[in-house]
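Beneath this line is the structure, given in structure tokens, with notes to follow.
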Amino acid sequence: MPNSRQRELPKQYDPSKTEPKWYRWWEENGFFHSEPDEREPYSVVIPPPNVTGVLHMGHMLNNTIQDVLVRRARMMGRNTCWVPGTDHASIATEAKVVRRLRERGISKADLSREEFIDHAWEWTEEHGGIILQQLRKLGASCDWERTRFTMEEELSESVTECFIELHRQGYIYRGLRMINWDPEAKTALSDEEVIHKDVQSNLYHIRYDVKGSDSGIVIATTRPETILADTAICVHPDDPRFSEFAGGTAVVPLAGREIPIIADDYVDPEYGTGCLKVTPAHDVNDYEIGLRHNLEVIDMLNADGTLSGVAGRFAGQDRFDARKSIIKDLKDEDRLEHTEEISNKVGYSERTDAVIEPRLSLQWFCRMEKLAGPALKSVMDGEVMFHPEKFKNTYRHWMENIRDWCISRQLWWGHRIPAWYYGDGDEEYVIARTPKEAIGLATEKAGRNITEEDIHQDEDVLDTWFSSWLWPMTVFGGLKDPENREIRYYYPTNDLVTAPEIMFFWVARMIMAGYFFRGQQPFSNVYYHGIVRDSQRRKMSKSLGNSPDPLELIEKYGADGTRAGMLFSSPAGNDLLFDPALCEQGRNFSNKIWNAFRFLHMNMDGQNPPAPDHSPPPSGDAAEAWIDSRIEQTIAAMNEDFDRYRLNEALQKIYSLVWDDFCDWYIEVIKSDQPGEKIPRERLARALGHFEKLVRLLHPFMPFITEEIWQQIAPRNTKEALIISDWPANNPDRIDKEAIRRFRDVQQITSAIRNIQAEMSLSPKKELTLLLRPQDKQRETELNEMKWVFRKLLPVARLAADCNASKPPACASAMIGQTELWIPLEGIIDLERERSRITKEIENAEGFLHSVRKKLSNRQFVENAPDAVVERERQKERDAESNLGKLKMTLSEIDHPSS
RNA sequence: GGGCGCUUAGCUCAGUUGGUUCAGAGCACCUGCCUUACAAGCAGGGGGUCACAGGUUCGAAUCCUGUAGCGCCCACCA
């Protein structure tokens with residue numbers, strides 16, 4: 001191991017000195033790597049980031065959570081395998097490549113498919129892996145030997161196999177459907193890739209001439225440019241206003257084309273003018289109407305969103321320019337009756353933010369309804385568990401209304417569709433892995449000799465998600481060889497960590513694919529974390545400049561501090577309101593841990609430090625029994641939090657155990673009396689034992705600092721690294737609740753005394769006489785046994801606990817539970833301050849007593865509530881009365897000191 | 001338009017089957033301290049009508065109904 005024992009430790013912990021060192025060491029020693037063996041596996045597949053992406057805050061959160069889960073599982077003895085990798089991200093990467101080429105003055109259209117793909121690979125090789133490199137800085141303990149890429153050969157072959165199998169079973173079909181067209185990327189999109197936004201639009205009322213009518217008919221539309229592709233006017237069959245028009249003929253303005261006026265009860269007579277223009281090629285509803293009424297379909301849009309030749313003199317104009325020109329022309333012709341401002345929903349491309357055009361198009365689809373069945377059931381039955389559970393509702397709603405998935409994209413970067421056409425048109429095709437296979441199949445199918453010249457492969461590629469939905473299987477080779485040792489060992493994976501926004505894109509589809517191909521869920525748990533936002537709840541974005549650079553954060557606060565910061569305020573399912581102050585808190589915590597270590601280190605004999613002692617606390621040592629019990633309590637509570645995927649709560653518990661219990665109380669108690677004097681060896685061994693456990697509990701959250709410290713305190717005969725050491729065993733039988741209570745009494749009395757010190761403006765060095773009058777003999781004994789603890793925590797000159805004591809004159813006093821505390825302060829006591837302190841306490845006690853009595857004076861309560869509850873109230877009343885009496889006595893003695 | 005969820009301290013959030021001082025934690029804030037591990041620290045302190053209005057109950061932050069505000073998901077009303 002690279003560390004050498006240092007003599008002098010710096011006061012401040014410096015992560016830059018330790019983090020790279022330990023990461024390299026872990027990796028070189030193969031601690032991240034997994035091979036199937038006889039142990040129970042624990043596997044996680046990374047949500048593969050875009051291969052050309054860089055690390056952002058979302059990745060930081062996502063991977064921190066995964067690493068915490070993975071590291072804990074590893075410490076629990078599971079054969080832990082976290083598979084990293086990247087996604088080719090078809091449309092996103094292609095857009096980036098196109099942009100980069102454009103910057104170099106190259107247009108995509110000038111390149112052949114092969115040339116473009118070469119550029120994309122170049123970009124991928126240049127960029128790919130940057131993000132994975134960055135994840136190492138965060139401490140992610142991925143099995144890098146297993147790094148996969150969705151476009152690598154094996155995974156690509158798996159995608160083809162998947163397509164072939166789904167096609168063979170009739171799930172995949174090719175069809176002419178209304179799809180979402182992105183004119184920017186010039187491709188079809190799935191429904192999920194369309195984001196509906198509320199926008200202010202104009203609803204134009206446009207008058208069409210009607211044959212045989214002077215008035216014409218007025219329709220309302222938000223997309224006036226589409227009138228050029230109108231093939232009907234539609235009214236409601238029962239609308240008396242238009243009954244005379246139905247069956248007539250209208251004339252499309254500007255185009256002069258004659259179209260029928262039809263009646264269909266799809267029309268809402270209340271909306272707009274009650275009269276609808278029908279454009280079957282550019283609107284889903286219109287398309288449906290068109291089918292019912294056998295209407296002509298006129299496509300007036302080019303792929304890039306400009307108007308096609310059908311648009312006559314508007315041809316070539318962009319759709320939005322055309323809208324303006326058409327409105328102007330309609331105005332000139334006096335056909336624009338009215339313009340109404342409305343708010344409506346417009347679909348935008350998730351990737352390019354272009355306004356989506358509904359378009360009739362020949363595409364490949366995957367039938368989803370049957371696939372969805374088992375996937376829905378498994379989540380409802382809890383075979384796949386969602387954390388938090390509320391996302392089950394969202395999931396169910398989507399799955400119950402699932403629609404076919406448009407899987408073809410008119411892009412070049414991606415998995416090519418394995419369809420081969422051999423006829424003149426697009427009608428005749430075969431599905432095949434290779435041209436050779438295609439020729440064979442085509443020859444067979446066509447009953448004639450098909451040669452290489454006769455076939456051509458489908459130009460389209462598959463939706464990116466058509467490869468990522470196989471990810472948990474393909475990373476283990478489970479599609480190519482469903483019986484291989486790896487997939488059988490690691491599948492189903494255990495936990496998937498992701499954001500709810502890709503539940504439909506990815507999670508749901510992985511579950512469907514998992515059941516379809518393996519009859520088994522791809523993972524057992526899905527942990528949904530929120531979006532990382534800034535402290536004002538704004539989404540992090542480049543343009544707002546509110547997104548910190550993750551690597552700068554790591555540099556500034558350390559990976560440990562940053563990780564802790566990310567987790568502090570990140571309950572599962574909630575958005576993370578990121579504030580660098582959280583990372584600062586994390587860094588401060590690192591420093592606190594470091595200084596606790598420094599304290600122990602200073603007490604260690606450099607040559608021969610004791611081994612951490614984990615044996616049960618010796619009887620009669622209140623402080624040892626207490627801290628040991630607190631640690632056991634915390635282990636149990638943290639395990640419960642982990643079971644419920646409440647990582648932030650587990651972190652908060654260990655944070656508080658380390659900072660509050662261990663540092664603020666335990667260390668103070670075990671300090672030697674004399675400065676410079678080392679604490680006894682046995683005590684140090686116990687302290688190291690506790691601390692070593694704390695370090696192990698902290699490791700999943702803060703891996704670097706804990707490894708650094710552990711290497712210096714761990715007994716030589718254990719594992720060589722913290723990362724593969726054991727998660728602390730839980731011994732609930734070691735929890736001594738009485739010890740905790742006893743120590744809490746000490747803490748409360750100590751705080752009460754410190755409060756007096758503060759309120760009386762006493763110097764914390766001023767020595768005090770402490771007189772305690774506990775409620776009974778048992779407490780008296782306990783407190784007397786704890787004298788040494790008080791002496792560590794307070795400047796005690798004399799301390800006596802006596803349940804028969806009486807109050808001396810001129811003292812400050814306090815009540816702690818039923819124990820009275822007096823501090824004689826003759827000559828020092830400020831009676832005025834003491835009076836106000838006691839008066840405040842009396843007010844509190846009276847308020848409390850009042851509420852208890854009110855409850856008890858309610859006959860209904862006494863009669864109906866369970867006896868135990870009533871008895872508890874009576875006890876409260878008795879205690880409060882007694883306390884109040886004592887406080888009043890104290891007050892009267894302040895006013896009449898002679899008594 | 002349909003569905004789901006949220007509203008507790010200045011901020012972010014816990015609060016399980018209704019009952020123990022249940023009104024909590026962290027951060028922030030105020031006061032005092034460089035006390036022999038740590039000022040990236042120590043000690044002490046203030047702060048909330050649990051969104052609002054009803055109801056059920058001996059008893060409600062907790063269960064029910066309604067209202068208001070906010071958020072998310074889905075959806076083909078031009």
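In what follows, every chain begins at residue 1, and chains take the letters A, B, ... in the order their sequences are listed.
Set against rG26(B), rC13(B), rA43(B), the side chain of R537(A) has rC13(B) as its closest nucleotide. Each of rC13(B), rG19(B), rA78(B) was ranked by its minimum atom distance to the side chain of N574(A); first place goes to rC13(B). Closest approach to the N755(A) side chain among rC27(B), rC77(B), rG45(B) is made by rG45(B) (side chain taken as heavy atoms from C-beta onward).
In this structure, CG of N591(A) is placed 10 Å from P of rC38(B), rounded to the nearest angstrom. A straight line from NZ of K11(A) to C1' of rU36(B) spans 11 Å, rounded to a whole angstrom. Regarding L651(A), its CG atom lies at a distance of 14 Å from the C1' atom of rC13(B), rounded to whole Å.
In this structure the side chain of D534(A) never reaches within 4.5 angstrom of the side chain of M57(A), judged on heavy atoms.
Both L203(A) and K345(A) sit near RNA chain B, but only K345(A) has its closest nucleotide nearer the 5' end. When each of G676(A) and V267(A) is assigned the nucleotide of RNA chain B bearing its nearest heavy atom, the one mapping closer to the 5' terminus is G676(A).
With both pairing distances under 3.5 Å, rA37(B) is matched to nothing as a Watson-Crick or G-U wobble pair. Applying the Watson-Crick and G-U wobble criteria (two distances, each under 3.5 Å), rG10(B) pairs with rC27(B). Across all strands shown, rG5(B) forms a Watson-Crick or G-U wobble pair, both distances under 3.5 Å, with rC70(B). Nucleotide rA75(B) forms no Watson-Crick or G-U wobble pair with any nucleotide shown, as no partner meets the under 3.5 Å limit on both distances.
Residue N285(A) places a side-chain atom within donor-acceptor reach of the base of rC76(B), judged by atom type and a 3.5 Å distance cut-off alone. Between the side chain of E668(A) and the base of rA43(B) there is no donor-acceptor pair of N/O atoms closer than 3.5 Å. Remark: the R587(A) side chain and the rA40(B) base include a donor-acceptor N/O pair separated by less than 3.5 Å. Below the 3.5 angstrom threshold, one finds a donor paired with an acceptor across the side chain of Q12(A) and the base of rA40(B).
In this structure, Y208(A) and K277(A) approach most closely via the heavy-atom pair OH-CD, 3.5 Å.
Within the 4.0 angstrom heavy-atom criterion, only backbone atoms of the sugar-phosphate kind lie near S751(A); the bases stay farther away.
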